[in-house]
Amino acid sequence: MAENLSALSGRQGLDNNLFEKMVAGARENGSPDNQLLRDLAEEFLMGKAITYGAASFYDFLKPDHQGKKVHVCNGSACMLAGTQDSIHEKLGTHFKEEEIGHMCCLGRCYENGAFQLNGQNYSGDDIEKVAEYISDRGENDSSYVIKSKLSTPVLTGEALTIEAYASLFRKVITAGADGALAEIKASNIRGRGGAGFPMGVKIESCKNTPAGQKYIVCNADEGDPGAFSDRYLLEEQPLSVLFGMLTAGYIAGASRGVLYIRGEYPESVRVVKKAIEALAAAGLQGEDILGSGFDFRFKIIEGAGAYVCGEETALLSSIEGQRPEVRIRPPYPTQEGLFNKPTIVNNVETLAAIPFIIRAGGKAYAAYGTGKSTGTKLVSLDSFFNHPGMVEVEMGIPFKELIYGIGGGFKSPVKALHVGGPLGGIVPVHKIADLTLDFESFQQQGFLLGHAGIVSVPEDYPMINYLEHLFDFTAVESCGKCFPCSIGSVRGREMMAAAAEDAVKIDRQLLDDLLETMEVGSLCALGGGLPLGVNNALQYFEDELKQYFK
Amino acid sequence: MDKSVNSVFVNGEEVQFEPGQTILNLLRKELGEEAIPTLCDAPNLKPFGSCRVCSVDVALAADGPMKVQASCHTPVTPGSYIYTHTDRINRLRKNIVELVLTDYPREKFTHDNPQQNELKKVALQTGIDISDVRYLPGANHLDRPKDEAHPYMRANLAACINCYRCIRACDEVQGEMVLTMVGRGFENTVTMGMNEGFKESDCVSCGACSQACPTGAITDIFAAEFANADQVTRTVCTYCGVGCNLNVATSKGEVVGINAPYDAEVNQGHTCLKGRYAFQFYNHPERLRNPLLKKNGKFEKVSWDEAYDFIVDKFQSIRAEHGPDAIGGISSSRCTNEENYLMQKFIRAVVGTNNIDGCARVCHSPTALGMQRAFGTGAATNSIIDLKYTNCIMVIGANPTAAHPVTGAKIKQAAMKGTPLIVIDPRRTPLAKLADYHLQLRPGTNVAMLNMLLYYIITAGLEDKEFIAQRTEGYDDFAQQIKSLDIDQMAEVTGVSKELARQAAIAYASAPNAMSFHGLGVTEHSQGTFTVMQIADLAMITGNIGRRGVGVNPLRGQNNVQGSADMGVQPHQGAGYLDITDPNAQALYEKHYGVPLPKQIGYKIPEMFDAAIAGKMKAIWIIGEDVVQTDPNTAKVKKALEMMDLVVVQELFMTETALMADVVLPGASFLEKSGTFTNGERRVQRVNKVIEPVGNARVDGQIIVDVMKRMGYDQPDYTAAGVLQEVSRIVPFFKGIKWEELGENGKQWPVAEDGKSTDMIHVQAFKRGKGNIQFFDWRETEEITRHANEFPYIITTNRDLEHYNCGAMTRRTGNVELNREDVLLINPRDARDNGIEDGDMVCVTSARGKVDIKAKITDQVNPGVMSTTFHFPEIMVNMITSDVHDSEAKCPEYKVVAVKIRKSKGEFARV
Ligand SMILES: Cc1cc2nc3c(=O)[nH]c(=O)nc-3n(C[C@H](O)[C@H](O)[C@H](O)COP(=O)(O)O)c2cc1C
Ligand code: SF4
Ligand code: SF4
Ligand code: SF4
Ligand code: FES
């Protein structure tokens with residue numbers, strides 16, 4: 001289905017972008033009006049149902065979004081920290097109820113109390129000064145501790161100067177596409193977006209697919225509530241990400257790079273925009289970069305509120321202005337991606353490691369970590385930790401050391417850690433000692449490292465409510481394409497809600513059937529990943545949960 | 001490839017697969033169509049992967065771990081082990097269907113026939129009934145309102161299971177993109193347009209969504225009865241030259257619905273609204289059910305015997321008094337090959353004149369003639385399937401999304417996906433909007449336009465020298481003349497910029513395989529035949545002949561316009577295109593017909609009218625053609641008919657022409673007869689009788705044979721198979737065609753004695769030997785040179801999707817609710833200059849007459865150019881069309897009419 005729309009959208013190239021125009025059209029009223037959607041359909045030679053249907057998908061474009069002036073974070077971390085109600089209440093003194101909307105995770109999980117106002121995110125005790133912010137943007141004074149125990153950090157060190165990046169790119173040119181690719185392959189780096197796919201293989205596959213036009217897409221849709229590592233990189237190390245894209249483009253023969261940055265991170269958009277300008281000024285964007293004959297230009301696309309857009313094929317459809325429904329694979333994006341052209345989609349953190357790999361060599365990178373999990377990993381610690389914030393650690397360190405050493409343990413009693421986002425596993429605190437921080441250990445123990453956002457579930461938070469929240473998350477964010485996820489998540493939510501609120505006991509067989517159906521039947525990990533955490537909870541919190549079962 | 005590399009184990013058994021094949025495809029082939037349940041899969045749609053009921057277990061080693069994979073979109077992994085019914089898979093399928101049933105109307109599930117409701121069928125297959133659902137009642141969509149406003153399309157989205165089949169059909173098959181999901185996740189709702197319902201949306205009622213829907217959530221007014229029909233008969237559509245195969249369902253001898261077979265090579269499960277829905281005309285109250293004889297100016301019902309006696313008597317006395325050449329016949333491209341063959345045989349062998357012509361005269365006669373002159377055969381060189389292989393499509397003077405909708409949809413699909421498209425048309429048609437190059441020329445300047453293209457190809461050195469040298473003649477002269485053209489003048493007269501023309505020429509010439517399509521915008525001109533020959537020139541000088549994805553492909557108008565010419569419905573050629581002035585051909589025909597035959601070329605249709613007015617023609621038998629409404633210059637046609645002593649009209653309805661007849665004979669519609677139609681790609685397909693003729697109507701072939709016999713000719717009793725056999729003895733390219741061997745998808749001629757079908761012609765050499773490359777200079781049509789001063793605007797005529805020709809059939813179906821009137825398309829500037837607003841009645845005057853017609857202001861046409869349809873007798877647009885004709889084939893110039901306009905005065909201001 002997507003093929004016609006991808007091609008029609010692609011006819012206009014990246015510079016006249018359908019999705020960007022829809023998002024721009026929503027700026028004034030919170031949703032693009034029908035006349036605009038009709039005109040866009042005409043311009044892009046599509047049926048008007050197409051633009052209308054696409055706009056209806058997104059939280060920040062759909063008609064319901066009209067008139068929203070302020071958005072309260074309803075992500076898992078803010079929910080568990082219990083800050084949402086008071087923020088909402090306090091905003092209520094300045095805004096009408098219908099002017100207050102929601103956003104899912106603003107990346108302020110280290111202090112919570114997050115909300116967005118006038119394209120600016122606030123958190124912690126910012127709410128106390130909201131009256132000021134309404135009239136004047138004010139300073140974004142939120143800061144978080146960045147910790148690294150590494151002598152040579154890969155991702156968190158002091159940001160390199162633009163000159164340093166220029167000379168690093170000369171190194172890429174000297175090595176040539178094959179040489180640079182060899183370094184990346186030698187590093188054994190695996191994707192940080194969740195699936196852990198080897199980056200070298202992906203770049204090589206795209207490189208080997210013949211096409212006139214190819215694309216590098218940076219997945220900066222960091223949707224996992226609890227994760228803010230991509231945000232950190234985009235805002236504090238933007239050149240490293242852009243350099244990663246540039247290098248991938250050079251190797252694969254792509255001349256355009258797209259950063260798909262979620263709408264919940266307006267600051268990231270601003271910072272990256274500036275960084276691109278700086279690159280351009282330094283001759284690292286545009287035609288014939290550093291005399292190499294290689295052309296590359298960046299483009300930022302801002303998201304509009306849909307978690308599933310982090311899934312790479314949905315993300316591509318989103319850029320194209322289609323409804324971001326997950327596509328079947330094959331064809332893989334490296335064969336037919338953006339606008340049906342070969343495309344590499346990589347996570348921010350994956351791309352940000354490339355400068356190190358080029359500078360120090362693939363081997364140096366591979367020297368970090370264990371076996372199949374090389375390199376370092378950013379971990380996001382939420383506000384339950386004594387030392388919340390961003391941490392860079394070597395893959396394979398004991399999980400205990402991270403939680404109780406670097407993280408300093410918890411401020412108040414915590415019974416479980418939800419690691420790797422809503423589709424990750426729920427690690428009961430007693431299992432912390434059994435884990436090391438790498439893909440394999442988590443998988444072997446029945447959990448998931450994923451993007452390594454860590455959300456703490458406090459001792460007194462009823463697990464049944466947390467499970468309801470997880471089903472709800474999937475129900476709200478499901479693209480709706482595949483049956484197990486779109487219907488199953490709703491039935492699961494209903495089951496949990498009925499058990500928690502109306503004491504309707506759960507039929508265990510039915511729940512098991514539902515979880516199995518979602519896990520093995522779903523098209524993507526939004527439906528397929530949810531059962532992992534639920535099953536963890538059913539196993540490790542059996543005592544607490546058994547009252548809800550028949 | 002090594003055999004073992006392409007083998008896998010299905011439930012333990014080793015089988016072979018084809019590279020790239022999906023697991024589902026393989027399983028259906030190995031285990032049967034019903035082996036794997038599916039809900040979102042459909043034969044004419046790409047794999048989508050939403051329902052997941054097709055899942056199977058796959059292991060990479062005999063006892064390796066198994067992984068669940070959706071079979072519909074997962075390619076087979078060589079050497080893998082596929083298990084189709086493990087416990088886990090059985091459970092999964094059942095549990096998914098259970099989830100679906102939590103949001104499905106219980107009533108519908110209980111009542112629907114599982115053969116027509118795929119959800120119910122799959123539920124029963126996977127072992128679950130709606131009463132087995134274990135979930136407590138929860139959120140659902142059972143209260144969605146129904147959409148019943150459209151004449152055909154229906155939606156009852158309470159029964160929708162969000163499989164996206166309808167949405168995909170509208171996008172992937174029809175290319176209209178009327179349907180979408182709205183919302184996200186569980187709340188996703190199928191929506192028409194911008195939540196407008198079918199009626200107000202841009203839906204073109206093709207029915208693809210209705211046919212695709214597995215639950216009847218989207219359906220049409222006929223579907224329910226279709227599901228419970230007594231019988232389904234496969235036949236061929238009567239409307240256009242695409243030749244779609246149809247499955248016609250009947251109950252108690254009445255047609256209750258039509259859909260399209262997925263295995264049809266022509267249309268793969270698709271049709272347009274004419275084929276699928278516009279069949280209700282067949283038993284419309286106004287359908288002619290008895291022979292009528294005009295007595296004292298009034299029609300009276302008579303018996304067939306009385307009608308026949310009257311006709312035979314008259315024919316014989318007129319022939320005795322004025323000679324056979326005072327009689328003529330117009331046969332119908334709506335009728336079968338067998339009937340057309342008989343009609344020309346009747347005129348030639350029984351009456352003894354060559355005054356036989358057909359409605360092809362007014363549409364594609366220049367194609368037949370021009371392509372014969374260029375290649376030796378007046379038919380498409382390639383097939384529609386070539387669209388799959390081509391790298392560049394050129395559409396000239398055709399609006400196939402309306403006039404040849406299924407082919408139009410295919411061209412649209414190719415263009416949307418990026419196959420370069422060149423459209424040469426005065427109107428910004430739907431394809432022109434999608435085109436990379438739209439050459440929006442002034443009507444009447446085709447020859448100049450094509451000369452520009454030829455010029456730029458030659459001056460860019462993009463001609464195919466090898467092909468030209470080996471396969472053609474006349475190139476050097478031609479190139480000389482092309483090169484000396486005044487290209488600025490060409491740009492001036494066409495109104496198309498040189499740069500755009502140059503780019504289009506280069507796109508066509510440099511594509512590895514380029515194919516062209518043309519329609520009536522090429523032929524219905526004073527230089528129509530020449531234009532066709534220029535299109536042939538384009539193909540020849542670029543070597544675009546004789547391969548996949550190339551060629552010259554006329555979009556034949558009526559369903560059997562190719563066939564009627566093939567069968568000899570032309571005054572200068574007999575069955576099989578043999579020249580009737582050639583003694584060898586005469587001998588052959590005389591041998592088969594058993595009588596001496598006339599030797600002079602007869603009248604073409606316009607010449608018949610001239611002859612009648614001149615008192616030379618006295619009798620005419622017209623089958624299935626409304627010459628009064630559809631031929632140009634209505635007043636003249638009427639006068640000609642009035643002057644004749646005998647006018648026999650064989651028709652389905654009392655058309656404008658039938659009203660002027662002395663005898664009206666009720667013919668049979670395509671649903672009521674067997675025979676063959678030949679589509680635009682030379683495909684001879686079987687038309688199978690679905691029902692008996694209504695009332696006392698008779699099969700047209702039967703009528704002709706009855707009259708032949710009564711006039712003393714020894715013609716065997718009428719059967720379609722019998723006549724086809726007679727044809728195959730005479731027409732060389734029908735040699736191997738046998739009624740019993742045509743099968744469901746027919747055969748493309750030439751069909752050699754061994755029965756082999758031909759999808760491409762002129763592969764090694766042209767039929768005429770060397771291809772004839774010829775130069776033609778553009779000449780302004782007389783219509784303009786004579787009238788432009790007084791009549792400064794140009795009107796060109798076109799067709800709408802919803803109606804067919806004079807509309808006699810389509811106006812008697814639900815289609816009329818979708819499109820009620822002819823309109824005048826007019827550019828905003830011309831409208832402003834003349835004080836005309838959208839919806840105003842406009843008085844349009846030409847040198848012949850005037851009509852009043854409602855204005856539709858649009859930028860589809862350039863200033864100075866207007867366009868209108870001719871489907872409705874209320875307007876009789878042909879009152880104003882000219883009687884200028886193609887110099888060679890005498891096809892009328894419908895496409896250029898010089899007019900002046902003004903806002904209508906009160907008396908005409910109808911709403
Ligand atoms: C529901 C869902 C959400 C996802 N969200 C993100 C995301 O926010 N950021 C991201 O980088 N990858 C996300 N992914 C993973 C991407 O599909 C993809 O694997 C990744 O962008 C590839 O980049 P990597 O190889 O560098 O990890 C998500 C996947 C799913 C199924
Ligand atoms: S699992 Fe959910 S999000 Fe993923 S494709 Fe299916 S419906 Fe969409
Ligand atoms: S009938 Fe055809 S055009 Fe109309 S919505 Fe259905 S598929 Fe689309
Ligand atoms: S209307 Fe029919 S075809 Fe369309 S999504 Fe619903 S069930 Fe599927
Ligand atoms: S048929 Fe494969 S997912 Fe529906």
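Chain identifiers are assigned alphabetically (A, B, ...) following the order of the sequence lines, protein sequences preceding nucleic acid strands; residue numbering begins at 1 within each chain.
Between B:Ile96 and A:Pro484, the closest side-chain pair of non-hydrogen atoms falls below 4.5 Å.
Side-chain atoms of B:Glu172 and A:Asn4 include no donor-acceptor pair closer than 3.5 Å.
Contact annotation for residues 508-516 of chain A against chain B (heavy-atom separation below 4.5 Å, listed by residue number): A:Gln509, A:Leu510, A:Asp513, A:Leu514, A:Glu516.
Counting heavy-atom pairs closer than 4.5 Å to chain A, the top residue among B:Ser201, B:Ser50, B:Gly138 is B:Ser50. Options A:Asp59, A:Val326, A:Asn340, A:Asp64 differ in how many heavy-atom pairs under 4.5 Å they form with chain B, and the most are formed by A:Asp59. The residue among B:Lys433, B:Arg91, B:Lys94 with the most heavy atom pairs within less than 4.5 Å of chain A is B:Arg91. Interface summary for chain A: among B:Val53, B:Asp103, B:Thr189, B:Thr102, the most heavy-atom pairs under 4.5 angstrom belong to B:Thr102. The residue among A:Arg493, A:Glu477, A:Arg38 with the most heavy atom pairs within less than 4.5 Å of chain B is A:Glu477. Between chain B and the options A:Ile328, A:Asp507, A:Val504, the largest number of non-hydrogen pairs under 4.5 Å is found for A:Ile328. Counting heavy-atom pairs closer than 4.5 Å to chain B, the top residue among A:Ser522, A:Cys482, A:Ser56, A:Ala306 is A:Ser56.
Scanning both residues, B:Gly49 and A:Leu523, for their nearest heavy atoms gives O-CD2, 3.9 Å. Here the shortest heavy-atom pairing between A:Asn34 and B:Met194 reads O-CE, 3.4 Å. The shortest heavy-atom contact between A:Tyr52 and B:Asn195 is OH-CB, 3.4 Å. Between A:Val490 and B:Ala139, the shortest heavy-atom contact is CG1-CB, 4.2 Å.
Within the model, atoms CD1 of A:Ile487 and CG of B:Leu99 stand 5.5 Å from one another, a figure rounded to the nearest 0.5 Å. In this structure, NZ on A:Lys48 lies 13.0 Å from OG1 on B:Thr180, to the nearest 0.5 angstrom. In this structure, the separation between OG on A:Ser6 and CE on B:Met416 is 12.0 Å, given to the nearest 0.5 Å. With rounding to the nearest 0.5 Å, the separation of CD in A:Glu494 from OH in B:Tyr135 is 10.0 Å.
With sequence neighbours left out, B:Asp41 forms a salt bridge (charged side-chain N to carboxylate O under 4.0 Å, His left out) with B:Arg28.
Both the backbone and the side chain of B:Arg134 come within contact range of chain A, with heavy atoms under 4.5 Å apart. B:Leu45 does not touch chain A: none of its heavy atoms, backbone or side chain, sits under 4.5 Å away. With a 4.5 angstrom heavy-atom cutoff, B:Cys163 touches chain A via backbone and side-chain atoms both. For chain A, no part of B:Ala70 is nearby; none of its heavy atoms comes within less than 4.5 Å. Heavy-atom distances place no part of A:Met518 under 4.5 Å from chain B, backbone and side chain included. Looking at B:Glu98, only its side chain comes within 4.5 Å of chain A, counting heavy atoms on both sides. Looking at B:Glu187, neither its backbone nor its side chain comes within 4.5 Å of chain A, counting heavy atoms on both sides. Contact of B:Ser55 with chain A is not made at all, since no heavy-atom distance falls under 4.5 Å. For B:Val182, the parts lying under 4.5 angstrom from a heavy atom of chain A are both the backbone and the side chain. Using a 4.5 Å cut-off between heavy atoms, B:Leu179 contacts chain A through its backbone alone, with no side-chain atom that close.
In terms of modelled atom types and a separation under 3.5 Å, the side chain of A:Lys481 and the main chain of B:Phe48 share a donor-acceptor contact. With hydrogens and angles ignored, the 3.5 Å screen pairs no side-chain donor or acceptor of A:Arg491 with any backbone N or O of B:Leu136. Checked by atom type and distance alone, the side chain of A:Arg323 pairs as donor or acceptor with a backbone atom of B:Met181 at under 3.5 Å. When atom types are taken as modelled, the side chain of B:Arg184 and the backbone of A:Val476 share a donor-acceptor pair closer than 3.5 angstrom.
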